[in-house]
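Lettering of chains follows the sequences in order, A, B, ..., and the numbering in each one begins at 1.
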2 protein chains.
Amino acid sequence: MPDVPVPGRPVRVVLVDDEPLVRRGLALILDAEPDLEVVGEAGDGAEAVALVRRLRPDVVCMDVRMPEVDGIRATELVLRQPAPPKVLVITTFASDDHVVDALAAGASGFLLKRARAEEMVQAVRTVATGQSLLFPEAVRALLRPRRRTARHDGPPLTPREQQVLALVGQGMTNAEIAAELVLGVETVRTHVASVLAKLGARDRTQAVVIAYRTGLVEP
Amino acid sequence: MPDVPVPGRPVRVVLVDDEPLVRRGLALILDAEPDLEVVGEAGDGAEAVALVRRLRPDVVCMDVRMPEVDGIRATELVLRQPAPPKVLVITTFASDDHVVDALAAGASGFLLKRARAEEMVQAVRTVATGQSLLFPEAVRALLRPRRRTARHDGPPLTPREQQVLALVGQGMTNAEIAAELVLGVETVRTHVASVLAKLGARDRTQAVVIAYRTGLVEP
DNA sequence: GCCCGGATCACCCGCGCGGGGGAGGAGGCG
DNA sequence: CGCCTCCTCCCCCGCGCGGGTGATCCGGGC
C-alpha cells in the first residue's frame with residue numbers, strides 16, 4: 001500500500017457527494033495523481049453503500065450533508081461490510097459538531113472543504129495507510145469532556161446559589177459552607193433551600209445528583 | 001507551506017530522542033526528502049526547548065520516553081513559546097495511555113515507531129500543514145468516555161452495598177430504597193452505614209460525591 | 001465441628017437538615 | 001420615589017439520618 005507516488009497498485013477511491021459538479025471536481029483532482037484512482041461516484045448514501053459493495057475501494061470520500069441517508073449513517077453502513085474501506089469525511093465547517101458522531105461511526109478522518117487540492121490528495125493517501133486524520137478543532141472537541149446539553153431548564157440560580165451548590169457538591173455541611181464563605185449558617189440554609197426549590201430537589205443529596213448530571217458543578 | 005515535494009521552502013524539523021542512533025536514523029530518512037530538512041537534534045526535553053527557541057523549526061518530532069523531562073512535558077514547554085512549531089509525538093505502543101495527555105498538551109499527532117519510513121515522511125508533511133494525525137487506537141481512546149482510573153482503593157463494597165449505593169446515587173431516601181429492594185428500612189440503614197464507613201464518607205451526600213467521582217455509579 | 005463474613009432486622013440517641021414564616025439592607029430600574 | 005431581586009440573618013418544628021450496639025440466619029473455609 002504505497003503512500004508516495006509509486007503506482008505499484010493505485011489507491012482506489014469512491015466519491016460520495018450529492019452535487020455532481022463537486023464530485024467531478026474532486027475526481028479530477030484525485031485522478032491527476034498517478035497513485036490515486038477514482039473508481040466510482042455516488043450522489044446518495046444508499047447509492048454509496050451499493051457502490052462500495054460492488055467496487056470494494058480502498059477509500060471513500062464522503063460528504064456529510066446529503067439528502068435521504070446522510071454521511072454519518074452512510075459511514076456506518078459502509079463500514080459494516082466485510083473488509084470495509086477507509087472513510088474520509090468531507091465537511092464544510094470545523095465547528096461542525098458531527099465530528100464526534102462521525103468518528104464514533106468509524107470514520108478515519110476529516111477534510112475541510114476549504115482545504116487545498118494537495119491537502120486532499122495527501123489526506124486520501126494518509127487514511128489509505130490506516131492513519132486517522134483530523135483537524136485540530138476536532139481533537140479539541142474530543143478532548144473536551146462530554147458536556148451534558150441537557151442543562152437545567154427551570155429558574156436560573158443566582159451567583160450566590162451556584163456558589164453554595166458547588167460547595168454542597170463537595171459534600172460540605174451547611175456549617176462548613178458558612179465557614180468557607182464567611183456567612184451565617186442561617187444564610188447558607190436560605191440559599192440551600194432556594195437551590196432545592198429551583199432544582200426541584202427534595203434534599204441536598206438529590207441536589208448533588210442533579211448538579212452532577214446537568215453539569216452545574218464540576219466533578 | 002508545500003506538502004508535496006516542491007521545495008519552495010523546506011519544512012524545518014527538529015528531532016528529539018535520547019538515543020543518538022535513533023536520531024541519526026530518523027534524520028537520514030527525513031533528509032532524503034527534498035522538501036524536508038532536519039535542522040537540529042536534541043537528546044533531552046530541556047535541550048529540545050532551548051533548541052526550538054533558537055532554531056524555530058516548523059515541526060518537532062518528539063520521543064515520549066526520555067530521561068529527566070519527558071516528551072509530554074517537553075511538548076507543553078515547546079508549545080508555550082510564541083509561534084510554536086507543530087509537535088509530532090513518537091511512541092512505541094499504540095496502547096500507550098499517554099496519548100490523551102500528549103494531545104491535551106497540544107501535540108499535533110502521533111507516529112508509531114514501527115511505522116515505515118514513508119509513513120513518517122508523510123506524517124511530518126501532514127502535521128506541518130496543521131492537520132492532526134492519529135492512529136485509530138488513539139481515536140478510540142479519545143472516544144472512550146473518561147474513565148476515572150482513580151478507583152476507590154479502600155475496602156471493596158459487597159454487591160448489596162453497591163446496589164444500595166447506586167440507589168443512594170439516584171437521590172433516594174432509605175425508605176424508598178427499602179421499598180425498591182423489598183427490604184426493611186433498618187437493613188438499608190445498615191448497608192448505608194457500611195458504605196459510608198468503607199468510602200470514608202460522613203453522610204450520604206459525600207457518598208454520592210465520591211461515588212460519582214470514582215465512577216462507582218453511572219450518572 | 002468451629003469461625004467468619006454477608007445479609008437481614010431491631011432499638012436508642014443526638015443532630016443536621018428541610019419547611020415555613022419573618023425581616024432588614026443594598027442595588028437596579030422605571 | 002416606589003418596586004423588585006438578591007443577599008443577609010433569625011426562630012420554631014418535625015423528621016430523616018448517622019452512630020452505636022446487638023441479634024439471627026446462612027454459606028463457605030480450615
Side-chain angles (χ1 to χ4, degrees), chain A residues 150-219, chain B residues 150-219:
Chain A
R151 293 248 146 194
H152 181 243
D153 52 348
L157 299 183
T158 69
R160 208 52 162 168
E161 287 163 354
Q162 293 178 22
Q163 211 171 5
V164 171
L165 176 57
L167 296 180
V168 171
Q170 306 292 320
M172 289 189 185
T173 66
N174 290 339
E176 288 170 342
I177 296 172
E180 179 74 21
L181 299 181
V182 196
L183 286 177
V185 185
E186 295 300 328
T187 307
V188 176
R189 289 172 56 80
T190 305
H191 289 313
V192 171
S194 204
V195 168
L196 295 185
K198 287 183 178 177
L199 294 185
R202 184 175 42 198
D203 48 43
R204 63 206 297 108
T205 304
Q206 279 194 358
V208 169
V209 173
I210 295 173
Y212 270 76
R213 285 216 252 250
T214 60
L216 282 173
V217 298
E218 303 302 322
Chain B
R151 291 250 147 192
H152 181 244
D153 53 347
L157 299 183
T158 70
R160 207 53 162 169
E161 287 164 354
Q162 294 179 24
Q163 211 171 4
V164 171
L165 176 58
L167 296 180
V168 171
Q170 305 293 320
M172 290 188 185
T173 66
N174 290 339
E176 289 170 342
I177 296 173
E180 179 75 22
L181 299 180
V182 196
L183 285 177
V185 186
E186 293 301 327
T187 306
V188 176
R189 288 172 55 80
T190 306
H191 289 314
V192 170
S194 208
V195 168
L196 295 184
K198 286 184 178 178
L199 293 186
R202 184 175 43 197
D203 49 43
R204 61 205 300 107
T205 305
Q206 279 195 358
V208 169
V209 174
I210 295 173
Y212 271 76
R213 284 215 252 249
T214 60
L216 282 173
V217 299
E218 303 303 321

key: B:Lys198 side chain reached by B:Thr158 side chain, heavy atoms, under 4.5 Å   = yes
query = Between D:dC7 atom P and A:Ile177 atom CD1, what is the distance in whole Å?
reply = 15 Å
task = Please say which of A:Val195, A:Val192, A:Leu165 ends up in a side chain to side chain contact (heavy atoms under 4.5 Å, CB included) with A:Arg204.
result = A:Val192
remark   = Which of B:Val208, B:Val209, B:Thr214 passes side chain to side chain contact (heavy atoms under 4.5 Å, CB included) with B:Tyr212? It is B:Val208
inquiry  = So, applying side chain to side chain contact (heavy atoms under 4.5 Å, CB included) with A:Leu167, which one of A:Thr173, A:Ile177, A:Asn174 is it?
reply    = A:Ile177
task = Report yes if a side-chain nitrogen or oxygen of A:Arg160 is closer than 4.0 Å to either non-bridging phosphate oxygen (OP1 or OP2) of D:dT8; otherwise report no.
result = yes
key: Distance, rounded to the nearest Å, where B:Gln206 contributes CD and D:dG18 contributes P   = 11 Å
task = Under 4.0 Å from any heavy atom of chain A: name the first and the last nucleotide of DNA chain C that qualifies, 5' to 3'.
result = C:dC17 to C:dG19
Residue whose closest nucleotide on DNA chain C lies nearer the 5' end, B:Thr158 versus A:Met172 = B:Thr158
ask   = Expressed in angstrom and rounded to an integer, what is the separation of A:His191 atom NE2 from D:dC6 atom P?
value = 11 Å
task = Can you figure out which of D:dT8, D:dC11, D:dG18 approaches the side chain of B:Asn174 most closely?
result = D:dG18
request  = Just call it for A:Val185: base, sugar-phosphate, or nothing, with non-hydrogen atoms closer than 4.0 Å on any strand.
outcome  = nothing
ask   = Can you check the B:Leu199 CG to D:dG18 C1' distance for me, whole Å?
value = 15 Å
key: Polar side-chain contact A:Thr190-D:dC7 base: donor and acceptor under 3.5 Å   = no
inquiry  = Strictly distance-based, threshold 3.5 Å: is any side-chain N or O of B:Gln162 a donor or acceptor partner for the main-chain N or O of B:Leu157?
reply    = yes
key: Value rounded to 0.5 Å, distance of CE in B:Met172 from CZ in A:Arg202   = 9.0 Å
Whole angstrom value for the distance that separates P of D:dG20 from CZ of B:Arg189 = 13 Å
